[in-house]
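Numbers here simply count residues along the sequence, with the first being 1.
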Amino acid sequence: MYGTDGYLVKCSSFRCVSLENDTKDTFTTINLDHGDPTMHESYWRKMGNKCDITFNGDDSLSYFANEEQIKRLHNVVGNAIADDHYTIVGTRSSQLMQAALYAVSPIDQLEPISVAYPEVTDFVRSGIHKWVGDARTYEKNGVYIEFIRSPNNPDGYDLAYYWPQYTAITSFANHDVMLFTISKCTGHAGSRIGWALFKDKEVARKMTKFMEISTIGVSKEAQLRAAKILELISDSCLDPNMENFFEYSQSLMTDRWKRLRQVVMANDLFVLQKYPLQYCLFTKDFCESHPRGEEEDCEKHLKERKIHTRSGRRFGSDSRSVRISMLSRDEDFNIFLQRLMAIQGPTNEN
């Protein structure tokens with residue numbers, strides 16, 4: 001299992017033993033596929049009503065909200081140059097990706113332009129772009145669009161995980177097009193807010209036009225709630241009397257990866273990717289990346305143990321690999337480790 005929200009596992013033939021400490025019904029499936037970032041609940045529970053917002057009847061009448069808190073957070077964290085970029089807010093980065101494709105596709109292209117991201121492009125079946133496969137194997141001449149995931153997000157297309165709890169912040173990202181989402185930054189996936197940073201004025205104009213036509217903007221209430229949350233996170237990084245959100249979240253990820261490695265080292269069935277130490281400009285220390293998470297069908301065999309994952313076939317690998325989310329609630333993650341420990345291969349048998 002690997003990627004920005006998982007890790008690499010190669011499975012040998014294995015059998016399962018009974019669990020004595022599985023606190024959930026053994027028939028309950030632990031879903032580590034969808035990446036629901038509920039790990040962050042404990043921090044926000046501590047914050048109490050600090051992010052509460054009250055709306056009056058005359059509020060939210062306009063389509064538009066300012067992006068001040070987005071730029072402030074990027075400046076505080078140091079993960080992206082935002083001040084000289086145009087900012088566009090959308091319904092998560094999925095919508096923004098479609099808007100970006102529309103904005104950067106040449107208008108004089110006779111054939112649909114090739115892109116390197118399948119699920120959404122195949123669904124939309126746009127006349128201006130189409131999916132043609134992994135960019136590593138694309139050899140045709142001509143114009144094409146490639147989505148870069150940094151850190152690696154197996155079936156994503158953005159900088160969603162370029163935050164201190166997941167990876168070292170090595171520099172200010174300064175690309176022509178950069179996509180982010182609040183769900184992986186703060187854990188508030190239900191708010192459905194993402195944003196894009198663009199250098200080019202014309203691309204930003206076309207992207208804004210796409211947003212106007214498709215949804216006429218984004219919920220003002222969701223934008224204001226997101227702004228309040230981002231404001232608190234920035235404050236937590238600057239106010240020594242507050243618990244730093246990123247340091248708190250990073251400690252949770254570090255602990256989870258430590259316990260996961262212990263489970264993996266206890267048998268010879270699984271292999272974890274090794275991530276090099278990098279100096280993080282935010283924490284001012286060296287740290288290892290903590291991504292979000294050889295049997296013929298690893299997904300199938302883990303599913304038989306009530307662990308729902310995502311097959312490597314979904315993100316350009318093969319069925320011997322699966323992706324798992326490291327951001328579930330503590331209870332689910334603990335049960336996942338217990339069930340993983342219960343999987344034994346031939347070398348474990350007496």
For the [atom1] atom of [X] and the [atom2] atom of [Y], what is their distance to the nearest 0.5 Å?
X: Met178; Y: Lys199; atom1: CE; atom2: NZ; answer: 7.5 Å
X: Glu68; Y: Leu230; atom1: CD; atom2: CG; answer: 11.5 Å
X: Leu340; Y: Ile30; atom1: CG; atom2: CD1; answer: 12.0 Å
X: Asp33; Y: Ser325; atom1: CG; atom2: OG; answer: 9.0 Å
X: Ser249; Y: His40; atom1: OG; atom2: NE2; answer: 5.0 Å
X: Asp83; Y: Asn75; atom1: CG; atom2: CG; answer: 4.5 Å

Can you tell if the side chain of [X] reaches within under 4.5 Å of the side chain of [Y], non-hydrogen atoms only?
X: Asp235; Y: Lys50; result: no
X: Leu302; Y: Ile343; result: yes
X: Ile88; Y: Leu96; result: yes
X: Ser236; Y: Met47; result: no
X: Val263; Y: Gln338; result: no
X: Ile193; Y: Arg225; result: no
X: Asn334; Y: Arg259; result: yes
X: Arg305; Y: His301; result: no

Arg256 bridged to Asp330 by N-O distance under 4.0 Å
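The answer is yes: the pair qualifies as a salt bridge.
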Would a single hydrophobic cluster contain both [Y] and [X], if residues Ile, Leu, Val, Met, Phe, Trp and Tyr are joined by side-chain heavy-atom contacts under 4.5 Å?
X: Leu260; Y: Met341; result: yes
X: Leu73; Y: Ile81; result: no
X: Phe246; Y: Leu277; result: no
X: Leu337; Y: Ile307; result: yes
X: Leu281; Y: Phe180; result: no

Please step through side chain to side chain contact (heavy atoms under 4.5 Å, CB included) for the pair Leu197 and Lys71, ending with a clear verdict.
CA-CA 10 Å; Leu197 301 177; Lys71 294 186 176 182; 5.6 Å; no
Examine distances only and state if a side-chain atom of [X] and a backbone atom of [Y] form a donor-acceptor pair shorter than 3.5 Å.
X: Tyr166; Y: Lys184; result: yes
X: His85; Y: His175; result: yes
X: Thr38; Y: Arg329; result: yes
X: Tyr86; Y: Val203; result: no
X: Arg339; Y: Lys306; result: yes
X: Asn244; Y: Glu247; result: yes

Closest non-hydrogen atom pair, [X] against [Y]:
X: Gln223; Y: Val218; value: NE2-O, 3.0 Å
X: Glu299; Y: Arg310; value: OE2-CA, 4.0 Å
X: Lys228; Y: Asp52; value: CE-O, 4.3 Å
X: Pro164; Y: Gln250; value: O-NE2, 3.3 Å
X: Tyr248; Y: Ser251; value: O-OG, 2.5 Å
X: Cys287; Y: Cys280; value: SG-CB, 3.8 Å

What verdict does the side chain to side chain contact (heavy atoms under 4.5 Å, CB included) test give for Ser191 and Thr186, after you've listed the backbone C-alpha separation in whole Å, the side-chain angles of each residue and the deciding distance to 0.1 Å?
CA-CA 11 Å; Ser191 293; Thr186 74; over 6 Å; no
Decide yes or no on side chain to side chain contact (heavy atoms under 4.5 Å, CB included) for Phe210 and Lys206, but give the supporting numbers first.
CA-CA 6 Å; Phe210 179 95; Lys206 292 176 66 176; over 6 Å; no
Could you walk me through whether Phe333 and Asp255 pass the side chain to side chain contact (heavy atoms under 4.5 Å, CB included) test, one step at a time?
CA-CA 11 Å; Phe333 186 76; Asp255 177 70; over 6 Å; no
Please verify the inter-ring angle class for His74 with Trp195; under 30° counts as parallel, over 60° as perpendicular, anything in between as tilted.
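His74 and Trp195: perpendicular rings.
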Are more than 12 heavy atoms from other residues, nucleotides or ligands located less than 6.0 Å from atom NZ of Lys303?
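No, not enclosed.
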Measuring centre to centre across the rings, with the benzene-like ring taken for any Trp, is Trp44 within less than 6.0 Å of Phe245?
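Ring centroids of Trp44 and Phe245 are less than 6.0 Å from each other.
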